[in-house]
Amino acid sequence: MPTKPETPDADAQGAGVEAGPIIDVRGLAVHYGLRGGSLARLFGRDAGVVKAVDGIDLTLQPGEVVGLVGESGSGKSTLGRALLGLAPATEGSIRFRGQDLATLSRRRLRDLRRHIQMVFQDPSAALNPAMTVEVAVGDALRVHGMRSATERRAKVVDALERVGLSPVELFLEKYPRDLSGGQKQRVVMARAIITGPSVLVADEPISMLDMSVRAKILQLMLDLKQDLGLTYVYITHDLASAKYFCDRIAIMYLGRIVEIGPTEEIFANPRHPYTKALLRAIPDPDPGRQLPRDLPRGEVPDAAAPPLGCAFHPRCTEAVASCGWESRDLRTLVEAHWTRRTPEAFEAESASVGSLDHLDRPATSATLGKDGPEAIKGFLDQVRAEAPDDPIWTGVQTITDEGSGVRVHFHEGVDPALRRAGGVDVACVLYPEEPSGV
Amino acid sequence: MRTLLRTLAKPFTETAGLARWMLVIGLVMTSLFVVLAIFAPWIAPYGFAQASSGGVDFPKAGAPSGDHWFGTDRLFFDVYSRTVWGARTAIEVVILSIVICVVVGVPLGLVSGYYGGWLDRVLVLVMDAMFAFPSFLLAIVFSFLLTGLLGGTVLAVALSLSAIYVPQYFRVVRNTTVSAKEATYVEAARAIGASDFVIMRRYLLNNVVQSVPVLGTLNAADAILTLAGLGFLGLGIQSTDAAEWGHDLNRALADAGSGIWWTGLYPGLAIVLLVTGLTLVGEGLNETLNPTLRVRRLLPVVMTPREER
Amino acid sequence: MSFATSNEPTLEPSSEPVISARDVRVWYGTTRGAIRAVDGVSFDIAPGETLGLVGESGCGKSTLGRGLMGLLPPGAKRDGEVWYDGKDVLSMRAKDSYRLRGTDLGMIFQEPLTRLNPLLRISAHFEETIKQHEPGLSKQQVRQRALDALRQMGIPPTRYRSYPHEFSGGMRQRLMIALALVLQPAFIVADEPTTALDVLVEAQIVQILNDLRRNFRTSLLLITHNVGIVAEACDRVAVMYAGRIVEEGRVSDVFENPQHPYTRELLRSTISLRTTGLNFIPGSPPDLVDPPDGCRFHPRCPDAMAVCATRNPINIERPTGGRVECWQVGPRDQIPSGGTRPLKQEELAVADEA
Ligand SMILES: Nc1ncnc2c1ncn2[C@@H]1O[C@H](COP(=O)(O)OP(=O)(O)OP(=O)(O)O)[C@@H](O)[C@H]1O
Ligand SMILES: Nc1ncnc2c1ncn2[C@@H]1O[C@H](COP(=O)(O)OP(=O)(O)OP(=O)(O)O)[C@@H](O)[C@H]1O
Ligand code: SF4
Ligand code: SF4
Ligand SMILES: [Mg+2]
Ligand SMILES: [Mg+2]
């Protein structure tokens, strides 16, 4: 399918180095409808929607390296893919040099992709096993209408040299399976830079590589930035490489940015409890260091049913009353208690508390127990005495008798928005709005 | 060129034991028939519908002799020549029908698997229905229809055989496409700006046709049998259009009672040998190309005595 | 903190090693010849001790771990000795070594989901594992044992009858650990147990492993890519290169004062929070079908000497304890004359490195 070689305005964009952000994301949301598969239906889960990215503002200045850091499922890749128009935006806008991606036709969007390119996590999967290096790298030119094979070859040779695959002749005819991980990643990079992009979205480019190769690829990315004036979006879950590589860092959690600011400030003065936790948990080769005991509990929650209020509250060690406490936290609390009891005690208590399954429906008040209010209150007191500092107790408003048990009322939660705090923006109730003009 | 040779030689170099022997024997048997098919005019002493030579009529149902190695049948035809010419018909029909299957089944499967949606659902339904239908019955129905339209030609029979096998190609290609399109390299192709057509043509096609050669050889064996079956029922190719083993078997049926064994034995033997050969090739290929079945030829480990450290 | 830190000696000098490997070799048969994935490895692990095993990809770490367990693919051969409880595991009959696996020697794999049967409840997994090795237990006892193991891993008893897919990644890894622990093995091989996990969950698992050896005196061989994890979870570390352990010793000692050039370069190339410049080791690990003569690291070693290219380095005691094999460390008197002049390295193209 011949593609029009150049679109006039794309060319104009390529030439001009204008002021202002190169990419401007406003209120971006990407939601995936869950296709209630037979398995899900079997287990009684209704099809819902996953808010993979849920209201993100982000601007990229030319020549900048912005890091997106967060745990699995926080929406980093989805945001990165949305920047290329690979994941459709449900809401909000993405502007590339002032041009809204959503308004472009499919053809124009494809043309645009030569200006925004992507590097993938798994270099072995990112290359077509049936294409040689030359064909794979040259295909980026071919789809943009460069028909002459000799012209393509010249450019491919140039790109391979740039990414350090020399002597080039050794590599042109190779298939991905004949290359090492680092070499494959270099080929992926060559394919990404060959169209002369200005923005490179690097989705965990070093996390699948061997540790001795990581530094080399990172160095290559720095060199390319220098030589080609690239702007990077660096997606990672590894804060150490982000610290070295990025100018600005955005910490993501469940589809939101929870803290964003200059790298030095984030590392010197982490504000959001999640950022702090991430920083403390990084294993450090310094043998004098010890893991902290107060690690966040649990794992990233299911994005299809995120926690109420602040999404981080079930794991937050600093949470307060207004963080969004709810029924599911009660279940976690009781179950955690049971992991500390003997099996006999568990059997007895579990009989008196009854099933916990109804707690899975998020609500700010929840019933518990079937052996009468006093028994359950006693049980809860015992749980509380075990860990009196558990933040959930700040969130409990009242406990009233109800039926054969009690009803626990939680404080109403708020969903904190990103707010200015010092040199960064933080989404946490502990950092209320600063007076404007800071 | 060297890589091509190496790829072609791969089934040999990378297999061991049974799979390798099946492949070798199967290939020898099959190529014998291919040679017969290609060089039939030179190998066969007479034409397939020739009843006399040099003004001398052939004997009717004559026993094997120096002039007629496999004897002659009731229509005065030379059985040896008809058996050789039959190889040509069989190979022609099989190749043609596989080509049709690939040309129709592969693109359909690719498009259906790639786009999904209602198109996919409709195609899957139709193909599954065809697949579920008893295949021989399907072939009979189609050859009735097509011989009516095109006459008892090779093309008509090949088309009716294709009707049986297209759903298999479709299913294999569609299912591999559905999983292959989720691969990162497809997303990567999209990221460099490739269109759907380019993705299907240059990224998916090569990776989803891997199982087609195996399917092709296995189907070829089946096709020979079906072709013979059609001929045996008197459908498909007529004696005067081409020599066809199944048809000859049908006519030999009446001979069996009267002690004329040669008219039936040789076409029958030809069918059995070719089917066996193709099946062996198919199974051999399957075991070498399919990584879950493949037994690689490993060099035995001989641990050297310890070095001084 | 009330408990011992990881770097305090947990190993009393008198205590007998739980497991001791002597000159273990594991070679794979391939179409090209034998891959010498593990080529003469010796180590001891004391009760309650964790030995970290680090090294680049493909240097034989997993092979060593699986070789100890006897979990090798067909076509692989092993020799040497692995002493456990007064018996040589490698020369045992298959049936005996099978019985030992699970009850005495446990294994934790990297990808838990592939090791859990999706169609079986967690309870069934435990019942099967326990019944296989201790058929005498009653159903109630089995349940008790399983719930105990789960409790230690922080998985509530209410989840006992769930299916594997109903758990998150970190919980599944904890399930795997619980499954390995339920038979209370004395020695566990953990092959990259945290590689697929998030940073916070990884830290949780590392903590669990830390508690394990403290509470049960379980010995652990922890295979990992991450030197940070070694620093936090291990007592001793063994650095593996091209099928051999090139340096081994106390973690604090080896990391602060690496003797082997490979250890030093590996640590330097690791990106940590204190990284201010990028360093890397030139070249890549050798093909183990035909490893380089002499020291296997010599083509990449910045300190290589003439002797390194021809003679195997000798395994010697590290100055501050542990072992190392490198001519730079010694023994000097065994280096032939002229052997100490620097080796001229061939230029390595960038392409060979990555
Ligand atoms: N195509 C899709 N269809 C449905 N849900 C999706 C799709 N892609 C991503 N998701 C969901 O969106 C959420 C965010 O996914 P995403 O891949 O962006 O996370 P991530 O931060 O990149 O995680 P990781 O570190 O694991 O790569 C996840 O819950 C994921 O299950
Ligand atoms: N089943 C096998 N058959 C043949 N060779 C193998 C097999 N498994 C591993 N190897 C080879 O043995 C060598 C050591 O592999 P091994 O998996 O032990 O390395 P590793 O140190 O665990 O690497 P990684 O860090 O990537 O897990 C490699 O060269 C590998 O290619
Ligand atoms: S709002 Fe802040 S304090 Fe509250 S749970 Fe979220 S991160 Fe923790
Ligand atoms: S023996 Fe020589 S080549 Fe090997 S690590 Fe030591 S100095 Fe380097
Ligand atoms: Mg991702
Ligand atoms: Mg491994």
Side-chain angles (χ1 to χ4, degrees), chain A residues 1-3 10 35 77 80-81 83-87 106-132 135-145 173-176 178 184 187-188 190-195 197 200-201 203 208, chain B residues 1-10 13-14 106-107 110-111 113-118 120-121 124 172-173 176-213 289-291 294 296:
Chain A
M1 205 183 267
T3 326
R35 236 190 294 129
S77 299
R81 294 172 60 236
L83 296 181
L84 278 84
L86 291 171
R106 283 166 68 93
R107 150 90 48 109
R108 294 282 298 281
L109 194 59
R110 288 210 312 270
D111 284 343
L112 182 91
R113 290 197 186 133
R114 77 168 104 168
H115 301 291
I116 313 177
Q117 275 289 340
M118 188 149 179
V119 175
F120 299 85
Q121 175 173 18
D122 183 356
S124 316
L127 292 169
N128 183 349
M131 276 186 178
T132 61
V135 177
V137 176
D139 208 52
L141 296 170
R142 197 164 155 201
V143 300
H144 288 294
E173 299 304 319
K174 288 241 167 85
Y175 284 91
D178 304 325
K184 277 183 262 196
V187 174
V188 174
R191 179 175 64 187
I193 59 163
I194 200 167
T195 54
L200 205 62
V201 177
D203 189 354
M208 298 274 274
Chain B
M1 191 61 209
R2 280 215 1 238
T3 48
L4 181 73
L5 278 179
R6 214 175 299 147
T7 323
L8 283 179
K10 208 163 119 192
T13 51
E14 294 208 343
V106 171
L110 199 56
V111 168
Y114 183 73
Y115 285 110
W118 62 266
D120 183 45
R121 255 170 280 157
V124 167
V172 163
V173 171
T176 31
T177 306
V178 166
S179 55
K181 75 170 177 182
E182 301 296 334
T184 313
Y185 66 82
V186 174
E187 169 114 341
R190 232 172 256 140
I192 59 173
S195 62
D196 289 343
F197 178 79
V198 168
I199 290 175
M200 280 190 272
R201 166 74 192 76
R202 293 215 285 269
Y203 287 82
L204 287 173
L205 184 63
N206 281 339
N207 293 300
V208 299
V209 296
Q210 310 270 356
S211 39
V212 166
L289 297 183
N290 189 338
R294 177 164 62 200
R296 277 167 166 270

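Within every chain, numbering begins at 1; the chains are lettered A, B, ... in the order of the sequence lines, protein sequences first and strands thereafter.
- Contact of A:L84 with chain B is made through the side chain alone, with heavy-atom distances under 4.5 Å.
- Judged by distance alone, with hydrogens and angles left aside, the side-chain atoms of A:K184 form no donor-acceptor pair with the main-chain N or O of A:P123 at under 3.5 Å.
- No side-chain donor-acceptor contact under 3.5 Å links A:R191 to the backbone of A:L127.
- The parts of B:R202 that come within reach of chain A are both its backbone and its side chain, each placing non-hydrogen atoms under 4.5 angstrom from that chain.
- A:D139 touches chain B through backbone and side chain together, each having a heavy atom under 4.5 Å away.
- Results of the side-chain contact (heavy atoms from CB on, under 4.5 Å) test with A:M118 over A:L83, A:V188, A:D203 single out A:D203 as the only residue that passes.
- B:A188 approaches A:A126 most closely through the heavy-atom pair CB-O, 3.7 Å.
- Contacts with chain B were tallied for A:R106, A:R81, A:E173; A:R81 has the most, counting heavy-atom pairs under 4.5 Å.
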